[in-house]
Asker: 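Below you will find the structure I want to go over with you.
Just so you know, ligand 1 is whichever comes first in the structure, and atom 1 is the first atom listed for that ligand. Bear in mind the structure is a predicted one, so any value in this text is a computation, not a measurement.
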Amino acid sequence: MLQVEGLTKHFEMRRGVLRRVAGVVQAVTDVSFSVAEGETLAVVGESGCGKSTIGRSLLRLLEPSAGRVSLDGVSVTDLDANALRQMRRKMQIIFQDPFGSLNPRMTVAETLAEPLLLHGLATNDTVTSAVSSLLRTCGLQPWHAGRYPHEFSGGQRQRVGIARALATRPRLIVCDEPVSALDVSVQAQIVNLLKDLQGEFGIGYVFISHDLAVVRHMADRVAVVYLGRIVEEAPAETLFARPRHPYTRSLIAAAPRPDPALRTHGAPVEGDLPSALSPPPGCAFHPRCPMAAERCRSERPVLRSVGNTRVACHFAETVPADAQAAESAPSDNLRRRLRVLEAARNKETA
Ligand code: SF4
């Protein structure tokens, strides 16, 4: 359904009266992936690694510097403004902070009616019942329609954000850290709502998150991003059971583990993310990589297939013994979060 080839977004930094180019921030470089109908691809990585830039570039909320994005065979990157507006009906986005993305001066009814009327999905006569139906689908009540965003809790506001995204019957939704700002129990409800909607409508998700428990619960496949490039991509089960890239192993290890004996995926990632203005030569991860060799400092590893994983590491076949022995079993913290998510799901099903 969604094809992304060589997506690149670089920002020019301009300074001085003459606005000369002082540098180029390489936020996203040569990112390629696909998402099938009803599939969830999670995009994970540290803050500032380019995850959100990828999400916004897919919808052309940020204009890509290069590359191609296609939805159902139509090249989104080549559309003119008019055609892009029509295409946006099929591609929606949910933000981390629904308070920031909802107009505080509009009632929920007005917020949801706007896309319905704009895209001809309802008339003045049918819009009220269409809004009520959307609210019910997203776990709210029709009488919520008359309320303003500030009158809702965080979880309810996110449900309104989801209802707005759902209004245009999209094929794809980019979920940009949709539960990061919520309490754990509310996170579970929202994640399960997203899963249920996917089951019902066959929506594809690009699920941007740094929370591995949520990703593990939600994703069919996972793409790990480091300094604007995909360094590993694999089915979720494979990635958590046998992470091949040292950075992926570090991310999994970074999830808090009360019992040090369970720390089997190697050390949490150390040091800071280098500046995207001047990425390190060779493998961009080499200054922080516990496995770095001389070759890594000069030769950038290409993304290549190893088994059912795509990975960019010269030594992807050499998975350390401790990482090989490492789970399937998630850390205690991940296990606890997964239990909460499952419990909430069972409760809703019951
Ligand atoms: Fe580490 Fe070298 Fe692999 Fe980069 S290529 S992740 S520096 S081992």
Asker: Salt bridge check: are R221 and E39 linked by an N-O gap of less than 4.0 Å?
Answerer: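 Judged by the 4.0 Å cut-off on N to carboxylate O distance, R221 and E39 do form a salt bridge.
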Asker: Going by ring pair (Phe, Tyr, Trp, His ring centres under 6.0 Å), name the residues that satisfy it together with F152, two or more places apart in sequence or in a different chain.
Answerer: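 Expected list: H144.
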Asker: Closer than 2.8 Å to atom 3 (Fe) of ligand 1, what protein N/O/S atoms do you find?
Answerer: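 Sorted hits: C313 SG.
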Asker: What I want to find out is whether R304 reaches E317 closely enough, with some N-O distance under 4.0 Å, to be called a salt bridge.
Answerer: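 So R304 pairs with E317 through a salt bridge.
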Asker: I'd like to check the salt bridge (Lys or Arg N to Asp or Glu O under 4.0 Å) partners of E37; sequence neighbours left out, ordered by chain and number.
Answerer: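 Only R171 meet the salt bridge (Lys or Arg N to Asp or Glu O under 4.0 Å) criterion with E37.
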Asker: Can you see which heavy atom on P243 is nearest to which on T248, and at what distance?
Answerer: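 Closest pair (atom of P243, atom of T248, distance): CB-CG2, 3.8 Å.
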Asker: Just jot down the salt bridge (Lys or Arg N to Asp or Glu O under 4.0 Å) partners of R136, sequence neighbours excluded, or say none.
Answerer: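 None.
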